[in-house]
Trainee: 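Structure in structure tokens, see below.
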Amino acid sequence: MEDKILTVLKERMAEGQRFILGIDGLSRSGKTTFTANFKKHLQEKNIPTVIFHIDDYIAERKKRYNTSYEEWYEYYYLQWDIEGLTNNLLKQLKGSEILNLPTYDQHSDTHNLQVMKIPDTCLIIVEGVFLQRKEWRAYYDYVIYFDCPRQKRFERESKETQQNIEKFRKRYWKAEEYYLETESPKKQADFIFQS
């Protein structure tokens with residue numbers, strides 16, 4: 001699959017420019033595993049690559065849990081600073097040489113400043129869930145959507161995590177349904193991978 005994707009991207013990538021690839025899909029659909037494998041493949045081909053995992057930029061717990069909103073809303077709208085990521089990451093990817101990003105540390109529930117230098121010519125991969133939300137979709141040159149049935153994705157969770165099925169019902173699955181209904185990520189994506 002990596003070779004097929006790379007062939008398509010090379011056809012679309014302009015020489016001497018940055019190309020932004022979105023790797024979208026719901027939780028446990030295989031995005032991160034693919035991205036890690038694809039990175040190795042790109043390194044073997046000597047293609048300069050910069051990767052951003054959207055979960056590195058989530059908000060502190062107090063901003064996304066136990067708010068006055070329903071749990072699905074907290075996950076979809078409050079898990080990330082949507083406007084901050086738009087302005088500080090996505091809008092900057094094409095032209096900025098250096099990005100200063102507040103990176104989340106889950107152990108301390110705080111943010112640390114991450115300084116990222118971006119080569120003038122490279123493939124930039126943004127990987128994560130809900131990437132094709134209306135606020136973000138226009139910033140990608142190409143999007144791969146990982147499509148995987150809910151039950152299969154749930155089985156990929158640890159046994160301990162699976163015990164809290166109510167959290168999936170109220171928080172994750174409702175937000176995923178909302179995303180599928182309002183943003184139609186399968187229709188918007190340039191390529192769909194059945195995982």
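Given the structure is predicted, the values throughout are model-derived calculations rather than measurements.
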Trainee: Would you name the heavy atoms of Y142 and V8 that are closest together and state the gap between them?
Mentor: OH-CG1, 3.5 Å
Trainee: Using the rule that Ile, Leu, Val, Met, Phe, Trp and Tyr join whenever any side-chain heavy atoms are under 4.5 Å apart, tell me whether F130 and I125 fall into a single cluster.
Mentor: no
Trainee: Looking only at heavy atoms, which two atoms of C148 and R156 are closest? And how far apart?
Mentor: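 The answer is SG-NH1, 3.7 Å.
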Trainee: Any Lys/Arg nitrogen of R133 or E135 sitting under 4.0 Å from an Asp/Glu carboxylate oxygen of the other?
Mentor: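 Yes, R133 and E135 are salt-bridged.
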Trainee: Between E2 and N37, is there a side-chain heavy-atom distance shorter than 4.5 Å?
Mentor: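 Of all side-chain heavy-atom pairs linking E2 with N37, at least one is under 4.5 Å.
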Trainee: According to a 4.5 Å side-chain heavy-atom criterion applied to Ile, Leu, Val, Met, Phe, Trp and Tyr, with indirect links allowed, do I144 and L131 form part of one hydrophobic cluster?
Mentor: no
Trainee: Which distance, rounded to the nearest 0.5 Å, do you find between the OG1 of T121 and the CD1 of I47?
Mentor: 12.0 Å
Trainee: Mind checking what makes ring pair (Phe, Tyr, Trp, His ring centres under 6.0 Å) contact with F191, not counting sequence neighbours?
Mentor: none
Trainee: Are V143 and I23 co-members of a hydrophobic cluster defined by side-chain heavy atoms under 4.5 Å apart?
Mentor: no
Trainee: Taking all heavy atoms of S27 and all of E157, pick out the closest pair and write down the distance.
Mentor: OG-OE2, 3.7 Å
Trainee: Output yes when a side-chain donor or acceptor of K152 lies under 3.5 Å from a complementary backbone atom of S195, and no otherwise.
Mentor: yes
Trainee: With sequence neighbours left out, write down each residue that passes side chain to side chain donor-acceptor pair (under 3.5 Å) with E181, or none if nothing qualifies.
Mentor: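 In terms of side chain to side chain donor-acceptor pair (under 3.5 Å), with neighbours along the sequence ignored, E181 is linked to no residue.
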Trainee: Please lay out, stage by stage, how F38 and I51 fare under the test side chain to side chain contact (heavy atoms under 4.5 Å, CB included).
Mentor: CA-CA 11 Å; F38 196 41; I51 298 175; over 6 Å; no
Trainee: Can you see whether Y57 engages Q114 through a side-chain donor-acceptor pair at a distance of less than 3.5 angstrom?
Mentor: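 Present: a donor and an acceptor within the cut-off.
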Trainee: Scan for side-chain hydrogen bond (donor to acceptor under 3.5 Å, both in side chains) pairs involving residues 40-51, sequence neighbours excluded, and state none if there are none.
Mentor: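 Of all non-adjacent pairs touching residues 40-51, those that pass side-chain hydrogen bond (donor to acceptor under 3.5 Å, both in side chains) are D3-H41.
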Trainee: Which pair of heavy atoms, one from D190 and one from R137, lies closest together, and at what distance?
Mentor: OD2-NH2, 3.6 Å
Trainee: Checking the side chain of S29 only, and the main-chain atoms of L26 only, is there a donor and an acceptor separated by less than 3.5 Å?
Mentor: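 Pair found, side chain donor or acceptor close to backbone of L26.
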Trainee: Out of curiosity, E97 CD to K117 NZ, how far, rounded to the nearest 0.5 Å?
Mentor: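 That separation rounds to 3.5 Å.
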Trainee: Is a salt bridge present between E176 and R153, judged by a nitrogen-to-oxygen distance below 4.0 Å?
Mentor: yes
Trainee: Go through the structure and list residues passing side chain to side chain contact (heavy atoms under 4.5 Å, CB included) with S158, not counting sequence neighbours.
Mentor: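 By the side chain to side chain contact (heavy atoms under 4.5 Å, CB included) rule, S158 matches E160, T161.
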Trainee: What is the distance from atom CG of L93 to atom CG of L99, rounded to the nearest 0.5 Å?
Mentor: 6.0 Å
Trainee: Is there a path of hydrophobic side-chain contacts, each under 4.5 Å between heavy atoms of I, L, V, M, F, W or Y residues, that connects Y178 with I82?
Mentor: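 Shared cluster, yes.
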Trainee: Testing L89, I54, D24, V126 one by one against W136 for a side-chain contact (heavy atoms from CB on, under 4.5 Å), which residue passes?
Mentor: I54
Trainee: Hey, does I58 have a side-chain heavy atom less than 4.5 Å from the side chain of D55?
Mentor: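 In contact.
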Trainee: Applying side chain to side chain contact (heavy atoms under 4.5 Å, CB included), can you list everything that pairs with T67, at least two apart in sequence or on another chain?
Mentor: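 Side chain to side chain contact (heavy atoms under 4.5 Å, CB included) list for T67, sorted by chain: Y69, E74, L78.
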Trainee: Listed by chain and number, what are the salt bridge (charged side-chain N to carboxylate O under 4.0 Å, His left out) partners of R169, not counting sequence neighbours?
Mentor: E166
Trainee: Can you list every pair that meets ring-ring contact (aromatic ring centres under 6.0 Å, His included) and has a residue in residues 144-175, with sequence neighbours left out?
Mentor: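 For residues 144-175, and leaving out neighbouring residues, the ring-ring contact (aromatic ring centres under 6.0 Å, His included) pairs sorted by first residue read F34-F146, Y75-Y172, F146-F193, F154-F168, F154-W173, F168-Y172, F168-W173.
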Trainee: Would you compute the distance between atom CD1 of I118 and atom CD1 of I98 and round it to the nearest 0.5 angstrom?
Mentor: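 Between atom CD1 of I118 and atom CD1 of I98 there are 9.5 Å.
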Trainee: With sequence neighbours left out, write down each residue that passes salt bridge (charged side-chain N to carboxylate O under 4.0 Å, His left out) with K174, or none if nothing qualifies.
Mentor: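 Per chain and number, K174 pairs via salt bridge (charged side-chain N to carboxylate O under 4.0 Å, His left out) with E70.
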Trainee: Which residue pairs pass the ring-ring contact (aromatic ring centres under 6.0 Å, His included) test with at least one member in residues 84-103, sequence neighbours excluded?
Mentor: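 As it turns out, there is no ring-ring contact (aromatic ring centres under 6.0 Å, His included) pair with a partner in residues 84-103 once direct neighbours are skipped.
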Trainee: Quick check: closest heavy atoms across M116 and V50, and the distance to 0.1 Å?
Mentor: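 Shortest heavy-atom separation between M116 and V50 comes out as CE-CG1, 3.6 Å.
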Trainee: Grouping I, L, V, M, F, W and Y whenever their side-chain heavy atoms are under 4.5 Å apart, do L21 and Y140 come out in a common cluster?
Mentor: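 L21 and Y140: separate clusters.
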Trainee: Please identify each residue that fulfils side chain to side chain donor-acceptor pair (under 3.5 Å) with D109, with sequence neighbours left out.
Mentor: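 Here the qualifying residues are Y104.
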Trainee: Supply the atom-to-atom distance L123 CG to I20 CD1, rounded to the nearest 0.5 angstrom.
Mentor: 9.5 Å
Trainee: Filter on salt bridge (charged side-chain N to carboxylate O under 4.0 Å, His left out), then keep only pairs touching residues 79-96, sequence neighbours left out; what's left?
Mentor: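 Qualifying pairs: K94-D141.
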Trainee: Looking at every heavy atom in both R28 and K31, which two are closest together, and how far apart are they?
Mentor: N-NZ, 4.4 Å
Trainee: Would you compute the distance between atom CG of L90 and atom CD1 of I124 and round it to the nearest 0.5 angstrom?
Mentor: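 If I round to the nearest 0.5 Å, the distance is 10.0 Å.
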Trainee: With sequence neighbours excluded, what pairs up with S108 under the side chain to side chain contact (heavy atoms under 4.5 Å, CB included) test?
Mentor: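 Side chain to side chain contact (heavy atoms under 4.5 Å, CB included) list for S108, sorted by chain: D105, T110.
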Trainee: Using 4.0 Å as the upper bound for N to carboxylate O, is an ion pair formed by D147 and K187?
Mentor: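 Salt bridge: no.
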